[in-house]
Amino acid sequence: MTKGAELGKGLKIGDTFTPNNVFCAPLAGYTDFAFRKLCYSFGAGLCFTEMVSAKGLKYNSEATRQLLYRDKSEPQTAAQLFGSDPHILREACESADLEGFRLIDINMGCPVPKVYKNGEGSALLADFPRAANIISECKKSGKAISVKFRIGLERGRVVAADFAKLCEDAGADMITVHGRTRDMYYSGEPDYAAIASAKAAVKIPVIANGGVFSRADALRMLDETGADGVMVARAAMYDPHVFSEILGGNDVWDRRAAIEVQTADMLLFYGEKYTVVQMRKMASFYLRGMRGCAQMRAKLFTCGTISELRAVLDEIFASNRVSD
Ligand SMILES: Cc1cc2nc3c(=O)[nH]c(=O)nc-3n(C[C@H](O)[C@H](O)[C@H](O)COP(=O)(O)O)c2cc1C
């Protein structure tokens with residue numbers, strides 16, 4: 001196995017250059033434009049929208065379309081689509097909804113039964129011809145196409161290398177390999193050897209995903225897999241500042257400022273009701289590790305308005321200052 005890429009090195013994906021190789025994963029319910037802006041501000045090299053249903057776009061679902069909202073200040077966010085019909089996926093790639101996206105990722109890893117039973121997400125790991133057809137159809141859109149997939153459906157039946165080759169042969173410009181099987185969901189050590197086998201099978205950039213929570217994890221991931229970059233998921237959701245830590249930056253993690261910026265961005269687009277619900281969740285992640293965390297969380301979840309949320313945050317930050 002060749003040694004992995006240098007941590008922080010830029011990548012070329014199709015005709016897109018990323019400033020570094022530490023990416024923020026697609027996360028359903030989290031990676032909206034306001035969250036992505038925060039991740040970029042801490043150095044993420046590339047962010048993705050959450051998974052968006054190609055069928056939902058075809059049938060004009062406004063809720064689905066909203067998931068693709070991008071802020072003008074975002075550098076080069078990639079859209080992630082899911083589906084099982086190659087023609088519907090291609091139509092989505094070519095639609096006005098995806099006009100601003102130069103890179104489109106296809107989800108072939110989602111383990112959730114609702115998705116899997118429809119032959120979407122990780123189900124495609126068991127349907128090689130359809131997976132190849134999806135990629136080659138989407139490529140006809142002229143956009144750069146990447147694929148994010150798991151190493152297999154079950155432990156002991158790893159298909160990572162064969163699937164990586166399939167993606168490359170069908171025209172993919174990059175792959176992201178989540179080093180867990182479908183039956184592992186999100187727990188357990190990622191299988192570094194399986195990711196390494198995928199990397200060794202192809203020439204296109206390979207991003208390694210799974211269990212990267214720190215700079216040490218990222219270095220280990222690159223070292224053990226030979227991959228070209230890493231993708232961070234839950235660690236970013238809990239603390240978007242992790243990108244700075246992984247990249248060896250010295251940005252300060254000002255939790256209060258981060259919550260304020262994200263709240264202000266969300267308010268402009270989503271309005272108060274949704275913003276409060278989302279920011280209660282985000283703030284409770286960002287406050288992890290502060291004194292009295294559990295009581296603070298309970299209090300946060302009683303907030304029904306932005307001013308209530310700000311008042312509770314004032315109280316939390318004041319009490320943490322006093323006891324510092
Ligand atoms: C709440 C949540 C939502 C997720 N949504 C998506 C998604 O929309 N698309 C996708 O490809 N993966 C999704 N994933 C999987 C992550 O992108 C990532 O592959 C997985 O969490 C492993 O990385 P980690 O160990 O760094 O968390 C999601 C994971 C979580 C926990």
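Just so you know, ligand 1 is whichever comes first in the structure, and atom 1 is the first atom listed for that ligand. Note that the numbering runs from 1 along the sequence shown for the chain.
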Is it true that [X] lies under 4.0 Å from ligand 1, counting heavy atoms only?
X: Arg150; result: no
X: Gly210; result: yes
X: Gly29; result: no

query = Quick one: which of Thr49, Asp71, Asp265, Leu46 gives a side-chain contact (heavy atoms from CB on, under 4.5 Å) with Arg36?
reply =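 Answer after filtering Thr49, Asp71, Asp265, Leu46: Thr49.
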For [atom], what is the nearest protein heavy atom, given as residue, atom name and distance?
atom: atom 9 (N) of ligand 1; value: Gln80 OE1, 2.8 Å
atom: atom 26 (O) of ligand 1; value: Ala233 N, 3.2 Å
atom: atom 23 (O) of ligand 1; value: Asn209 ND2, 3.1 Å
atom: atom 1 (C) of ligand 1; value: Tyr30 CE1, 3.8 Å
atom: atom 6 (C) of ligand 1; value: Pro26 O, 3.1 Å

Under 3.5 Å between some N or O of ligand 1 and some N or O of [X]?
X: Glu50; answer: no
X: Ala28; answer: yes
X: Ala25; answer: no
X: Met237; answer: no
X: Met231; answer: no
X: Phe213; answer: no

key: Evaluation steps, salt bridge (Lys or Arg N to Asp or Glu O under 4.0 Å), between Lys199 and Asp228   = CA-CA 9 Å; Lys199 166 64 190 169; Asp228 302 285; 3.0 Å; yes
Are [X] and [Y] side-chain neighbours, meaning at least one heavy-atom pair lies under 4.5 Å?
X: Phe149; Y: Val177; value: yes
X: Leu125; Y: Arg182; value: no
X: Leu98; Y: Cys93; value: no
X: Glu50; Y: Asp32; value: no
X: Ile246; Y: Leu7; value: yes
X: Asn320; Y: Met296; value: yes

inquiry  = Checking side-chain polar atoms at under 3.5 Å, does Tyr270 have a donor or acceptor matched by the opposite partner on Gln278?
reply    =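 No - no donor-acceptor pair under 3.5 Å links their side chains.
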Atoms in ligand 1 flagged as close to [X], the criterion being non-hydrogen separation under 4.0 Å:
X: Lys148; result: 10 (C), 11 (O), 12 (N), 15 (C), 16 (C), 17 (O), 18 (C), 19 (O)
X: Arg180; result: 22 (C), 25 (O)
X: Gly211; result: 24 (P), 25 (O), 26 (O)

Residue-level breakdown please: for [X] versus ligand 1, do any non-hydrogen atoms fall below 4.0 Å on the side chain, on the backbone, on both, or on neither?
X: Met51; value: both
X: Tyr186; value: side chain
X: Leu27; value: both

inquiry  = Nearest non-hydrogen contact with atom 27 (O) of ligand 1 belongs to which option: Met184, His178, Arg234?
reply    =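 Among Met184, His178, Arg234, the closest heavy atom to atom 27 (O) of ligand 1 comes from Arg234.
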Return yes if some donor-acceptor pair links the side-chain N/O of [X] with the main-chain N/O of [Y] below 3.5 Å, else return no.
X: Tyr238; Y: Phe213; answer: no
X: Lys37; Y: Val261; answer: no
X: Asp173; Y: Ile145; answer: yes

query = Are Arg150 and Tyr186 in a cation-pi contact, defined as NZ or CZ under 6.0 Å from the six-membered ring centre and within 45° of the axis?
reply =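 Geometry flag: set, cation within 6.0 Å and 45°.
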